[in-house]
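What you see is a predicted model; the values in this text were computed from it and never measured. By convention here, the first residue in the shown sequence is residue 1. Atoms considered below: every heavy atom in the structure, side chains included; atoms not considered: hydrogens, waters and symmetry mates.
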Amino acid sequence: MIWTIIAVLVALYYYFTAYFNFWKNRSISGPKPVPIFGNMFSVITCRESLRNFIQELYVRYKNEPMYGIFVRRKPVLVVQDPEIIKDVLIKDFPKFANRGFLMHDIAEPLSQHIFSLEAKRWRPLRTHLSPVFTSAKLKGMFSLILECSNHLESYLDTLVTKGEIVEIREVAAKFTTNVIGSCAFGIDMNSLTEEESQFRRIGKDIFHVRGMRLLRLRFKECMGDLYNFLGYFLPYDKVTVFLKKLTVDTLKYRQEHNVVRHDFMNTLLELRNHPEKLKEIELSDNFLAAQAFLFFAAGFETSSTTMTNALYELALNQDVQDKLREELIEFSAKNDGEWSYETIKEMTYLDKVFKETLRKYPVSVLLLRETTENYIFRDMKVSIPKGQKVWIPMFSIHRDPNIYPEPEKFDPERFSEEAVEARHPMHYLPFGLGPRNCIGARFGTYQTKIGLIKILRSHKVDVCEKTPIPYEFCPVAFVLVPKGGVHLKVTKIEN
């Protein structure tokens, strides 16, 4: 019996450590892993955030163009040199076309969206979804976003009249939820009210990572295919049920009533009605709902968080806020108080503030890629196999003092033409770069800027006793968001 136990333990030890010489054999530096956890013990056990973990390694291996770590038993390559990053994202993109996310089409049908899809399905789908985000389509949606921003301004006025300290992240999230509802689903989500709408509750649930959801996430990461198999027995969560029903019902209604609206759902309807356009993909209800899910989730959360972080920094830096408001007043007067797509494009200081916000507060810690074939890094003669995961430490690059002096300082002038030209283009990656950059970057940029215009043109934001100073990131969230709320004092400006 004891020999059986010993044999089992030896087999388990071999299983968990079989690849631990992977980086050593390739002369790549990296921290020493431990069985079961690899290098991720502190992250998996929630003792440390992924952001802090990557930041510590970035400093530790600062002089290395790349280093290797282990996520449990699997090797992951972290690349830091800008020229190597350029190879991965742009020059040799076809060999790094996958993001490497695990998709569980049975347990989590909404996971098969364009952000996660493997290259074979991603390429044709991207081709057919990209027209939704062209400048021409954005101009068509601009009036819808502007209408939502008018509701935002009225709602904020209501809160200010009551003399309340404003939890600005919740206000921003209600605004972006309304925008996504209007521009993607053709629905008035009615989020900008005192009552919490159903859509806002669903939005919160998507990014709530605690309790059972955190346990389910860890189980999914460990078990892979077994987790997907359990999808035959596990009930769908309420987010999946709600968004699948919303998508199916919306498509059905538009089909039956011949409703044509130039938005995201109309594009999905066109794809469903013409499956020959995507022969490589089965356009099931689940697959279409997954695309709608991504538009909803990414569209409201990333933009609302960016709005929140911009307002937080402007409250701390009144000189920057004053300068931005001067530009808002100037352009408002020039256009008789009317805002247009072209006008916002011309506002250079607003653009600098926006870019500096995403420099200091990118949406994610990392950019993820996975090789589609064996690959050799030319200058280093390092070979990696097909299916190798590659991480690019975006947050750490954005906070590198050798790239951005005094990185904790909020300075929009980092994005003057001269400053941008002096930096390597791979040192600013908020939306990624290359063919697999963020498909909704232009849309997110414009809804964020319009929201900021409507708030700051007629309101002043200040810190108060409830403002979190210093800023804290939520340690377990999927994306980089503030821990708790961001409370600010908001006062009306008489024009």
* Asked: Do the non-hydrogen side-chain atoms of Phe37 and Val34 ever get within less than 4.5 Å of each other?
  -> yes
* Asked: Between the side chains of Tyr361 and Glu313, is a donor N or O closer than 3.5 angstrom to an acceptor N or O?
  -> yes
* Would you list the pairs meeting salt bridge (charged side-chain N to carboxylate O under 4.0 Å, His left out) in which at least one residue belongs to residues 109-123, sequence neighbours left out? => Glu118-Arg121
* Any sub-3.5 Å donor-acceptor pair from Asp92's side-chain atoms to Val88's backbone N or O? -> no
* **side-chain hydrogen bond (donor to acceptor under 3.5 Å, both in side chains) partners of residues 420-429, not counting sequence neighbours, each pair once** => Glu83-His424, Tyr404-Arg423
* Asked: Between Tyr349 and Pro412, what is the shortest heavy-atom contact and its length?
  -> OH-CG, 3.7 Å
* Asked: Checking Gln447 side chain against Phe443 main chain: does a donor-acceptor pair fall under 3.5 Å?
  -> no
* To do: Please tell me if the side chains of Arg60 and Tyr67 come closer than 4.5 Å, counting only heavy atoms from C-beta onward.
  => no
* To do: Output every pair passing salt bridge (charged side-chain N to carboxylate O under 4.0 Å, His left out) with a member in residues 31-49, not counting sequence neighbours, ordered by first then second residue.
  => none
* Asked: With no hydrogens and no angle check, do the side chains of Thr305 and Thr308 hold a donor and an acceptor under 3.5 Å apart?
  -> no
* **Student check: side-chain heavy atoms of Leu480 and Val363 closer than 4.5 Å** => no
* Asked: Okay, side chain of Ser130, backbone of Thr127: is any donor-acceptor separation there less than 3.5 Å?
  -> no
* Asked: Between Glu342 and Lys345, is the closest basic N to carboxylate O distance under 4.0 Å?
  -> no
* **N/O donor-acceptor pair under 3.5 Å between Arg414 side chain and Pro405 backbone** => yes
* Asked: Got more than 12 heavy atoms from elsewhere within 6.0 Å of NZ, Lys238?
  -> no
* Should the heavy atoms of other residues, nucleotides or ligands under 6.0 Å from CG of Asn63 be counted, would the total exceed 12? -> no
* Asked: Is it true that Arg99 and Glu370 have a side-chain N and a carboxylate O under 4.0 angstrom from each other?
  -> no
* **Where Phe53 and Ser42 come nearest, the two heavy atoms and their spacing** => CD1-OG, 4.5 Å
* To do: Would you indicate whether the side-chain heavy atoms of Ile28 and Glu64 approach each other to under 4.5 Å?
  => no
* To do: Would you please indicate yes or no on a ring centroid separation below 6.0 angstrom for Phe22 and Phe20?
  => no
* **Over all atoms of both residues, closest heavy-atom pair of Arg26 and Val382** => O-CG2, 4.3 Å
* Spell out, as yes or no, whether a donor-acceptor pair under 3.5 Å connects the side chain of Thr45 to the backbone of Phe41. => yes
* Asked: Would the Tyr446 and Tyr341 ring centres measure less than 6.0 Å apart?
  -> yes
* Can the ring centres of Trp122 and Phe93 be said to be less than 6.0 Å apart? -> yes
* Between Arg261 and Gly186, which heavy-atom pair has the shortest distance, and what is it? -> NH1-CA, 3.1 Å
* Asked: Has the side chain of Arg73 got a donor or acceptor atom that lies under 3.5 Å from a matching backbone atom of Pro35?
  -> no
* Asked: How long is the span from the CG atom in Leu251 to the CG atom in Asp285, to the nearest 0.5 Å?
  -> 8.0 Å
* Report, as yes or no, whether the 6.0 Å neighbourhood of atom NZ on Lys277 holds more than 12 heavy atoms from other residues, nucleotides or ligands. => yes
* With a 4.5 Å heavy-atom cut-off, do Cys148 and Phe175 have their side chains touching? -> yes
* **Ring centres under 6.0 angstrom apart (Phe473, Phe395)** => yes
* Within-4.5 Å side-chain heavy-atom neighbours: Phe96 and Leu89 -> no
* **Check: Pro385 main-chain N/O paired with Thr371 side-chain donor or acceptor under 3.5 Å** => yes
* To do: Identify whether the distance between the nearest side-chain nitrogen and carboxylate oxygen of Arg254 and Asp263 falls below 4.0 Å.
  => yes
* With a 3.5 Å cut-off and no angle check, do the side chains of Asn374 and Gln388 form a donor-acceptor pair? -> no
* Before accepting this row, confirm whether a basic side-chain N of the pair Lys386/Glu373 lies closer than 4.0 Å to the acidic partner's carboxylate O. => no
* For residues His128 and Pro124, report the shortest heavy-atom separation together with the two atoms involved. => CD2-O, 3.1 Å
* Answer yes or no: is there an ion pair linking Asp87 with Lys95, defined by an N-O contact shorter than 4.0 Å? => no
* pair Ile397-Tyr58: side-chain heavy atoms closer than 4.5 Å -> yes
* To do: Examine the side chains of Lys244 and Asn286 and answer whether a donor and an acceptor come within less than 3.5 Å of each other.
  => yes
* Are the side chains of Ser416 and Glu413 in touch, meaning some heavy atoms are under 4.5 Å apart? -> yes
* To do: Check Pro31 against Leu57 and note the closest heavy-atom contact, atom names and distance.
  => CG-CD2, 4.0 Å
* Could you tell me whether a side-chain N or O of His398 sits under 3.5 Å from a main-chain N or O of Leu429, the two making a donor and an acceptor? => yes
* Please check if the side chain of Arg436 supplies one atom and the backbone of Phe115 the other of a donor-acceptor pair under 3.5 Å. => yes
* Asked: When you measure from the centre of the six-membered ring of Tyr19, is the NZ or CZ of Lys74 under 6.0 Å away and within 45° of the axis?
  -> no
* Can any side-chain N or O of Thr134 pair as donor or acceptor with the backbone N or O of Pro131 at less than 3.5 Å? -> yes
